[in-house]
2 protein chains.
Amino acid sequence: MGTTQLENVPEPKYWHLKTVLVDALDSEFEVGEILPNERDLAARFGVARATLRQALEQLELEGRLQRRRGVGTTVAPPRMGVSVGPSSGSWPGATGDAWRTVGCVEAAAPAAVADVLGTDADEAVHTVRRVRSMGGQSVATELLYVPRASVPGLPGDLTPADHAPAVLRELHAVELDGDDRAVELGSARAEDAKQLDRLPGAAVLVVTTRYFSGGRVAAVAVATYRADTCRLTFGDSGAMEITHHGQERHAAAS
Amino acid sequence: MGTTQLENVPEPKYWHLKTVLVDALDSEFEVGEILPNERDLAARFGVARATLRQALEQLELEGRLQRRRGVGTTVAPPRMGVSVGPSSGSWPGATGDAWRTVGCVEAAAPAAVADVLGTDADEAVHTVRRVRSMGGQSVATELLYVPRASVPGLPGDLTPADHAPAVLRELHAVELDGDDRAVELGSARAEDAKQLDRLPGAAVLVVTTRYFSGGRVAAVAVATYRADTCRLTFGDSGAMEITHHGQERHAAAS
DNA sequence: CAGTGGTCTAGACCACTCA
DNA sequence: GAGTGGTCTAGACCACTGC
């Protein structure tokens, strides 16, 4: 037959929608500009709102859009480059680091963390919560787990206000042999989402850092970064520090 | 009034569903076991299929589930730890690295890449495509961009089969000053998705590596890793290499 | 209060895998 | 061809923001 198989693999509508929207974003919109609302956009493209939303969700995941309930959808600025190490041989909480301590409790760590620390699953560890801000917005939250055995000199009677500083101070007295990092995709738990100004379940990059001392894991930090707004940079080697503020975005051909 | 505000913040159904499913996964299912189909699950929980799917999607994103069209939904194994550097001062394609070269073309790089390389937007660069496998499945694809200026000794007449090896060979003759990495969230383009055995749009971790030589960026690699199955590890410092094969998963309390 | 994005429903059809 | 997940629709209501 003469059928030339023009479109045997019709791509999904939301996928095509995405490319149309990306083109529009690149050519007709400025950063911070507000898009028409979802109902209007869906009508304009002749699709159901759910389909339009599927496209918007992916674009938000890719850091191209920012949506806020009750407000609207805006064009997002390029992702920020956030340095996550190596820490050049220093403990967290060293003077001048990018984190702000917001509290500290003593409680059992999650099973996965206790596993890495080598502590018992129900053993209480110092848990310091910290927040990292850049450009006026919170980009990450962190839980730093420090077993009691790693800070033997810590006094027993501490006011809540003194707890976190004391743990960090004791930590700095320990010799740090090195550290180790892993990055994976996660979704924000309710508590983290709140501090990151996102909804629960939002995509986050989870950075797990192991701090070694005396051949053991002396502390573990689990940091969750907003995946929509952050690009994590690992400044290995003594190479130049270019901050890459490209005018263009990822726009590879399919 | 005596109303004690029992549930002023009703969490979404899909969110609650997720926690129920995670508990079930942890207690009643084995890795690789196949779940009931979506229509049955939705009926069992008394929700619409779309709502059930919203929960499954997040669990798949978190690497807890694996869904395959025409087959079913299975319980995923823990994420693989994949080492992504630092490269200990060696170029890509060194003997013994984890990648398999699948082709090489000479074409204009995406704008974002040309920006980093410092080449003209329409300047053709050598583009080597590679694939990384672990445990019998493809976990990442990579495009390595090498400007002509970085491999001046490359002969002009190359068969397609010789192209990639020749580029890598020339590269190895260049002195490598250091490298640099950034990680961000992306979604798989059609071509990458195919090689990763995922659907287009699947969540991926994009690792951008800059290779420095002579004070310039001599090459750039853009690698996309399956976000559902991979945990990227950065083995900084000479610290011990623990491969962390925890029996327990992330299970932090809300 | 009007307008926004977030959640949810109850269907339908399609693309794919495998027996 | 039966059964699976993937896409899509046309509604509805809710939670939140800001005027």
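Side chains included, hydrogens not; waters and symmetry mates left out as well; all remaining heavy atoms used. Below, read A as the first sequence line, B as the second, and so on, with proteins coming before strands; counting in each chain starts at 1. Model, not experiment: these values are computed from the prediction.
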Does a side-chain N-to-carboxylate-O contact under 4.0 Å join R53(B) and E38(B)?
yes
Establish, with yes or no, whether the OP1 or OP2 oxygen of dT4(C) is under 4.0 angstrom from a side-chain nitrogen or oxygen of R67(A).
no
Does a side-chain N or O from T51(A) land closer than 4.0 Å to OP1 or OP2 of dT9(D), or not?
yes
Ignoring hydrogens and angles, does a donor from either the side chain of R68(B) or the base of dG6(D) sit under 3.5 Å from an acceptor on the other?
no
When you check the phosphate oxygens OP1 and OP2 of dT7(C), does a side-chain N or O of Y14(B) lie under 4.0 Å from one of them?
yes
Just how far, in rounded Å, is P of dG6(D) from NZ of K18(A)?
16 Å
Nearest-angstrom distance from the residue atom CG of L65(A) to P of dG5(C):
11 Å
Whole angstrom is fine here: how far is it from CG in D40(B) over to P in dG3(D)?
11 Å
Closest listed nucleotide, where the reference is the side chain of R69(A) and the choices are dG6(C), dT7(C), dC8(D)
dG6(C)
Assess whether one donor atom and one acceptor atom, taken from the side chain of R49(B) and the base of dG6(D), lie less than 3.5 Å apart.
yes
Under 4.0 Å: is that the gap between some side-chain N or O of R53(A) and OP1 or OP2 of dG6(C)?
yes
Calculate the interatomic distance between E38(B) atom CD and dT9(C) atom P; express it in whole Å.
14 Å
The side chain of K13(A) lies closest to which of these nucleotides: dC8(D), dT7(C), dT9(C)?
dC8(D)
Of the options dT4(C), dT9(D), dC8(D), whose atoms approach the side-chain atoms of R39(A) most closely?
dT4(C)
Sorted by position of nearest nucleotide on DNA chain D, 5' first, the leading residue of V71(A) and P12(A) is P12(A)
Expressed as a whole number of angstroms, how long is the span from E11(A):CD to dT7(D):P?
12 Å
Is the phosphate of dG3(D) approached by N37(B) (side-chain N or O, under 4.0 Å from OP1 or OP2)?
no
Identify the residue among R67(B), R198(B), R64(B) that makes a side-chain hydrogen bond (donor to acceptor under 3.5 Å, both in side chains) with D228(B).
R198(B)
Side-chain contact, heavy-atom cut-off 4.5 Å: Y145(A) with V222(A)?
yes
H16(B) NE2 - dT7(C) C1' separation (whole Å):
16 Å
Please state how far atom CG in L199(B) lies from atom P in dT7(D), giving the value in whole angstrom units.
6 Å
Measuring to OP1 and OP2 of dG5(C), would you say a side-chain N or O of T73(A) lies under 4.0 angstrom away?
yes
Validation row: P36(B), R44(B) side chains within 4.5 angstrom (heavy atoms):
yes
Could you check how far CD1 of I34(A) sits from C1' of dG3(C), rounded to whole Å?
10 Å
Check: Q137(B) and R226(B) side chains under 4.5 Å, non-hydrogen atoms:
yes
